[in-house]
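Take a look at the structure below.
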Amino acid sequence: MKKYLALKASAGSGKTFALTVRYITLLLKGANPKEILTLTFTNKAANEMSERIYNTLLSLGEDKAYLSAIITQSGFSEEKIFEKKDYLIDLFSNATLSIFTIDKFINKILREFSGYAGVNDDFEIKEDDIEKISSKFLKSLDLENFDKLIDFSLFENKKYNSLFEIFKNIFEKGEDIETVNIDLSLIELQKKEALDEALKIKEFILSCEVASNSAKKAVDYENFEELISKKWLEKESAQDYSYFKKCSNDLLEKYFQKTKEEVGNYYKLRSAFSLSRLFELYKLFKAYKRRYNSSKNYLHFDDISNICYELLSSKIDKEFLYFRLDSNFSHILIDEFQDTSLLQYKILKPLIEEILSSTDFKTFFYVGDTKQSIYRFRGGKRELFDYVLKTNDMINVEVLNTNYRSCEEVVNFVNKSFNSLPFYEYYDQLAIHQDGYVEVYEDEALLDDDKFVNLAKKISELMQKGVNSNDIAILTYTNDDVLNIYSYLKRMFPSLKISTEMTSKLINQENVKAVINAIKYLYFKEDIYKENLNAIIGKEPKSSFEYETDLKYKSVQEVILKIADYLEITDDNIIKFIELASSYKNIVDFIYEVDNLDASIENSEKIGLQILTIFKSKGLEFHTVLLLDRVKQKVPNRNSLLFEYDDVNLKNIYYKIGGLDNYSQEYKEALQKEKTLEFEDELNILYVALTRARKNMIVFKKKEKSVFDLLSLKEFSSGEIIASENKSKNYEKTKKVVYIPKQIGKQEKPLNIQDNNETYTLHAKYFGIATHYCLEMMNEFDENSLLLAINLVENRFSIYLNKEDIQKIKTRVSKLVSNEEFISLIQNGTFSKEQSLFYKDELKIIDLLVEKDGKYYIFDYKTTKDELQEHIEQVNFYKEAIKSIVSSDEVYSYIIYLNENNIKLKKV
DNA sequence: CAGTATGACATTTTT
DNA sequence: TGTCATACTG
C-alpha cells in the first residue's frame with residue numbers, strides 16, 4: 001500500500017471499491033477505526049461508505065475481487081485475513097467511526113475549540129434570514145456609514161438585496177482585501193473630464209459634411225453614461241469604426257485617443273472605488289452578522305468554516321490543534337476531492353501536513369476526478385487535486401482506467417467524444433463489459449411546442465424491446481425540465497410509475513402554497529392572499545373563500561389539515577407540512593415564520609421510471625439513460641465579483657464592470673480565465689451525463705444550439721438495445737427502508753393532535769425508521785447482532801436522534817430477541833428482511849418474512865403505542881399477497897408492538 | 001456583405 | 001449581464 005496516494009478515478013472505475021479496500025487494509029494493518037478520518041461530501045455518501053465497509057467485512061472472502069485487492073494492498077495471506085475477519089467485524093462495529101461529511105467534521109473542530117473562537121459550543125446550525133439580518137444591519141449603521149452604503153448603492157445602481165448577495169458571495173470565499181479611500185467626487189470629476197473630451201468628437205463629427213446618419217447617431221450623447229454606452233469607444237483608433245471612417249483625420253484621432261485615456265482613468269478609479277467601498281461595507285456587515293449570530297446562538301454553514309479557518313490561521317497554531325483534537329487522526333481518506341473548496345482544504349491542511357511529516361505509520365489518500373467537478377458554483381475547486389500533488393512530492397499518483405460500469409459501446413463512445421478535445425485531460429477507458437447500445441438522435445421536436453413527443457416514443461419503443469421502465473432514467477439540465485417531462489409523460493402514459501428526484505422547497509409546492517395563502521387570508525383578511533389562493537387552485541379571480549374556523553383556539557396542525565381537506569388538496573406534501581408544523585407554537589408564530597421553512601418536498605413514487613437533473617445523477621448509475629439536451633439556453637454568470645486565482649492562491653478580486661476589459665489588460669485576462677473554467681464546467685457536466693449508463697444510452701440532441709456541439713456529436717447509433725434482466729412490471733429498486741406517510745387526512749377517526757401525540761412528529765418518524773433499520777441490519781436475532789446493529793444505527797441516525805433514543809431502540813429490540821414466543825416462531829426458519837412485494841398495483845415492504853416447514857410467517861414491526869385498525873388491514877393485505885404468491889393457505893401474520901416496557905405479539 | 005445596433009432571453013444546490 | 005438572432009446601414 002502506498003502511504004501517500006492520490007487516485008484519479010474516472011467515472012465507473014471503482015472509486016468506492018478502492019476506498020473500501022484501503023480502509024480495510026488499514027484496519028488489517030492495525031489502525032483503529034476512530035483514527036481513520038474518512039471524509040465525503042454528502043450524508044448519503046458517508047452512510048453508504050460505512051455500510052459498504054461493514055458489508056464487505058461481513059462477506060470477506062466471498063467476493064474474490066475484494067479479497068485479491070486486499071491481499072495485494074496489505075501483503076497479508078488469505079489465511080491471515082480470514083483469521084482476522086471476526087476480529088475486524090467486531091472492531092469496526094463497536095468502534096466510534098470517523099466517517100463524516102467535510103462539513104460535519106469542520107463543525108466538530110469548531111465545537112471543540114469554541115472557547116478560542118468566541119462562540120458557544122451549543123450553537124444551532126441554520127439558514128440565515130437575509131432579509132431580517134440586512135434590515136437590522138441597516139438600522140445598526142451610524143449616519144456616516146449609512147450614507148456610504150446609500151451612495152454606493154445609488155452609484156452602482158444596485159438594490160440593497162443584491163448588495164447582500166455580494167456580501168454572501170465574499171463570505172463563502174472567506175477572502176479579504178485591503179481597502180483604499182477614494183472620494184466619490186473624484187470620480188464625478190473624472191467623468192466630466194472624459195465627457196469634455198468626447199464632446200469635442202461630437203462637435204467634430206457634427207460639423208463634418210460627409211458624416212453619415214449613423215455617424216451622427218453614434219455621437220448623440222449628452223452625458224457620460226450615454227457616452228460609455230457607445231460601441232466605438234472599444235476601437236483601437238477612430239478609423240477602425242466604419243461610420244467615422246469618412247471624417248477620419250489626425251485631429252479626430254487626437255480627440256479620440258484623449259477621450260479613451262480619460263475614460264480609461266475613469267474605469268480605473270471606479271473599480272478601485274467600488275471594490276474598496278464594497279469591502280468596507282462588507283467588513284461592517286460581517287462584524288454585525290457575528291454579533292447577530294452570537295446573540296441568537298446560531299451559525300450558518302459558511303460561518304462555521306469561516307470562523308474555523310480564522311481560528312486556525314490566527315488564534316491557535318496547528319500543533320495545538322492537532323494535540324487538542326479529541327481524536328488523533330493517523331489516516332486520512334478523502335472522497336470526491338475535486339469538490340473540496342479552498343476554505344475546506346485550508347482547514348484540513350494542518351492535519352494533512354502533520355501526517356506527511358510524520359515517520360510513524362500514518363497515511364494520506366484522496367480520490368477524485370477533475371472531469372466530474374461540476375460544483376464550482378458552490379465552491380468546488382478542481383485545481384486543488386493537482387496542486388496538492390505538485391506541492392507534496394511524496395504523494396504518489398495512480399490513475400484508474402478500467403470501466404466496471406458501462407458496456408463497451410458506451411465506453412468507446414465516451415472515449416471517442418472526449419479524447420480529441422484539446423486542453424481537456426482525458427485518458428481512454430477500457431470496458432470490461434461487452435455490447436451495449438448508443439444512439440445520438442437529432443430531435444427536431446425539442447425546438448417545437450410539443451417538445452417531448454419523440455422522447456415519449458423512444459420510451460415506448462424501449463419498453464417494447466424489453467427494457468423495464470424501472471431501468472430507465474431521463475437526465476436533464478434543469479429542475480424545470482424534470483417537472484415538464486414528468487407532467488408530459490404522466491399525460492401520455494397515465495399508468496406508468498414515475499419517480500422524480502427534485503429538491504424544491506416544500507413551501508413552494510402548489511398545495512402547500514395554497515394552504516398558506518388560505519391561512520394568511522383568514523388571519524389578515526387581505527384580498528391579495530385570497531387571490532393568490534384562487535390562482536393556485538385554479539378558481540376564477542375574485543372568487544370568495546368562505547371558511548369558518550377559529551384560528552386562535554385550534555392547533556396549527558389541525559388548521560392546516562382542515563383547510564387542506566376542505567380544499568381537497570391533501571397529499572404527501574401536505575402531510576409532511578403538517579408534521580413539520582408541530583414546531584409552531586401558535587398561529588401567529590406560523591404566519592410570521594412559515595416563509596422561512598427550509599424543508600424540501602416529498603418526492604413522488606419511490607419506484608418507476610426516473611427523471612432527474614444531471615447534477616443529481618452524479619455518483620449514480622442506470623441501466624438505460626435518456627439524455628436530454630439543454631432545452632433553454634444557459635444564463636450568464638451574474639456574480640458582481642470576479643475572483644482570480646493562480647492555482648489556489650488568490651491573485652486578485654475585481655468588481656465586475658461592463659467595458660472595463662477594454663481598458664484593463666489584467667481584468668481582461670481574469671475574465672478570460674473565468675471563461676475557460678466555465679467552459680470546462682460545461683464539458684464536465686457532459687462527461688458526468690454521458691457516463692451514467694450501464695447498458696443503453698440515447699442522446700436527444702437539438703438541431704441547433706445544442707450543448708452536444710461542444711463534442712461535435714452527429715446523428716449516430718451503434719450496438720443493440722439490451723433488455724432488462726428483471727422483467728416483472730415493477731420490481732424493487734433499493735433495499736432501503738421506505739417510509740410510507742401516514743394517511744392522516746383519510747382517517748375515519750378524528751385526530752387528536754392537540755394532546756401532542758408523538759405519533760405525528762418527525763422525531764417519531766425517524767425513531768421508527770431507525771428501529772426498522774436496526775432490525776434490518778441484524779444478522780441473527782441475538783444480543784450480539786444487536787450490539788453490532790445498534791452501532792450502525794448510532795452512526796447513521798445520530799443527526800436525528802439523541803443518545804436516549806438509541807438506548808430506547810436497544811432496549812426495545814433487546815426485549816424482542818428475548819421474547820420466547822417470537823424466538824420459537826422464527827427458530828430454524830429461513831428469513832428475509834425488508835422483503836418487497838408487488839401485489840394489486842401496490843408496492844409494499846414486509847419487515848420480516850420467515851419460511852419454515854413450508855409455512856410462512858409475516859412480521860410487521862410497530863413502534864407506536866396505539867394499536868390501530870389500519871395496522872391490521874395492512875398486515876392482512878400482506879397475508880393475502882403472500883398467499884396468492886406462494887399459492888398456499890399456510891400463511892400466518894403477526895404485528896409486533898415494540899413498546900418501551902413490553903413486547904406484544906398480536907396474531908392477525 | 002461586413003459591421004453595427006437592438007432587443008429578447010435565461011441554471012446547477014449540500015451541509 | 002453576456003449571448004444570440006435579427007434588422008439595419010453604408
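Throughout, a chain's letter reflects where its sequence line sits, starting with A, and its residues are numbered from 1. This one's a predicted model, so the numbers in the text were calculated from it and none came from an experiment.
Ranking dT14(B), dA10(B), dT12(B) by closeness to the K632(A) side chain, first place goes to dA10(B). The side chain of D103(A) sits closest to dT14(B) out of dT11(B), dT4(B), dT14(B).
Using a 4.0 Å heavy-atom criterion, one finds that F41(A) contacts the sugar-phosphate atoms exclusively. If you check every strand for non-hydrogen atoms under 4.0 Å, D303(A) touches nothing. The residue K126(A) sits apart from the nucleic acid: no heavy atom pair falls under 4.0 Å. Within 4.0 Å of K217(A), counting heavy atoms only, lie sugar-phosphate atoms of the nucleic acid but no base atom. The residue E127(A) sits close to a base: some heavy atom pair falls under 4.0 Å. Among the atoms of the strands shown, none is found under 4.0 Å from any heavy atom of D302(A). Within the 4.0 angstrom heavy-atom criterion, only backbone atoms of the sugar-phosphate kind lie near K675(A); the bases stay farther away. Using a 4.0 Å heavy-atom cutoff across all strands shown, Y241(A) reaches sugar-phosphate atoms only and no base atom.
Qualifying side chain to side chain donor-acceptor pair (under 3.5 Å) partners for K675(A), counting only residues two or more places apart in sequence or in other chains: none. Remark: T38(A) engages Y23(A), I36(A), M49(A), I99(A), L333(A) in a side chain to side chain contact (heavy atoms under 4.5 Å, CB included) (not counting sequence neighbours). Remark: E669(A) pairs with Q665(A) by the side chain to side chain contact (heavy atoms under 4.5 Å, CB included) rule, at least two apart or across chains. Y298(A) is linked by a ring pair (Phe, Tyr, Trp, His ring centres under 6.0 Å) to nothing, counting only residues two or more places apart in sequence or in another chain. Y687(A) meets the ring pair (Phe, Tyr, Trp, His ring centres under 6.0 Å) test with F418(A); sequence neighbours excluded.
Closest-nucleotide positions on DNA chain B for T101(A) and Y243(A) were compared, and the one nearer the 5' end corresponds to Y243(A). Of the two residues contacting DNA chain B, namely H300(A) and K235(A), the nearest-nucleotide position lying further toward the 5' end is that of K235(A). Residue order along DNA chain C, read from the 5' end via each residue's closest nucleotide, puts K705(A) first among K705(A) and A215(A).
By the 5.5 Å and 30° criteria, F301(A) is stacked with the base of dT15(B).
Going from atom CG of D629(A) over to atom P of dT11(B) covers 13 Å, rounded to whole Å. The interatomic distance linking F244(A) (CZ) with dA5(B) (C1') rounds to 14 Å, in whole Å. The distance from atom CG of L343(A) to atom P of dT14(B) is 20 Å, rounded to the nearest whole Å. Counting to the nearest Å, the C1' atom of dT4(B) and the CD atom of E234(A) are 11 Å from each other. Distance R378(A) CZ to dT11(B) P: 19 Å, rounded to the nearest Å. If you take CH2 of W232(A) and C1' of dT6(B), they are 19 Å apart, rounded to a whole angstrom. Nucleotide dT11(B) holds its P atom 17 Å from the CD atom of E165(A), rounded to whole Å. Residue D220(A) contributes atom CG, which lies 10 Å from atom P of dA5(B) at whole-angstrom precision.
The phosphate of dA5(B) has neither OP1 nor OP2 within less than 4.0 Å of any side-chain N or O from S214(A). The phosphate of dC9(B) (OP1 or OP2) has no side-chain N or O of K634(A) nearer than 4.0 angstrom.
In this structure, F152(A) and F273(A) have tilted ring planes: the angle between them lies in the 30° to 60° band. Using cut-offs of 30° and 60° on the angle between ring planes, the pair F385(A) and F337(A) is perpendicular.
Chain A approaches DNA chain C over the interval dT1(C) to dG10(C), counting the first and last nucleotide 5' to 3' with an atom under 4.0 Å from its heavy atoms.
Partner of F123(A) under the side-chain contact (heavy atoms from CB on, under 4.5 Å) criterion, chosen from D303(A), N293(A), L110(A): L110(A).
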Would you write the dot-bracket representation of DNA chain C, where each base gets (, ), [, ], | or . depending on whether it forms a Watson-Crick or G-U pair under 3.5 Å and with which partner? ||||||||||
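A donor-acceptor contact shorter than 3.5 Å links the side chain of R692(A) to the backbone of L620(A).
For residues 655-668 of chain A, there are no salt bridge (Lys or Arg N to Asp or Glu O under 4.0 Å) pairs, not counting sequence neighbours.
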N/O donor to acceptor pairs below 3.5 angstrom from side-chain atoms of residues 162-172 of chain A, sequence neighbours left out:
| residue | atom | partner | partner atom | Å |
| --- | --- | --- | --- | --- |
| S162(A) | OG | K159(A) | N | 3.4 |
| S162(A) | OG | K159(A) | O | 2.8 |

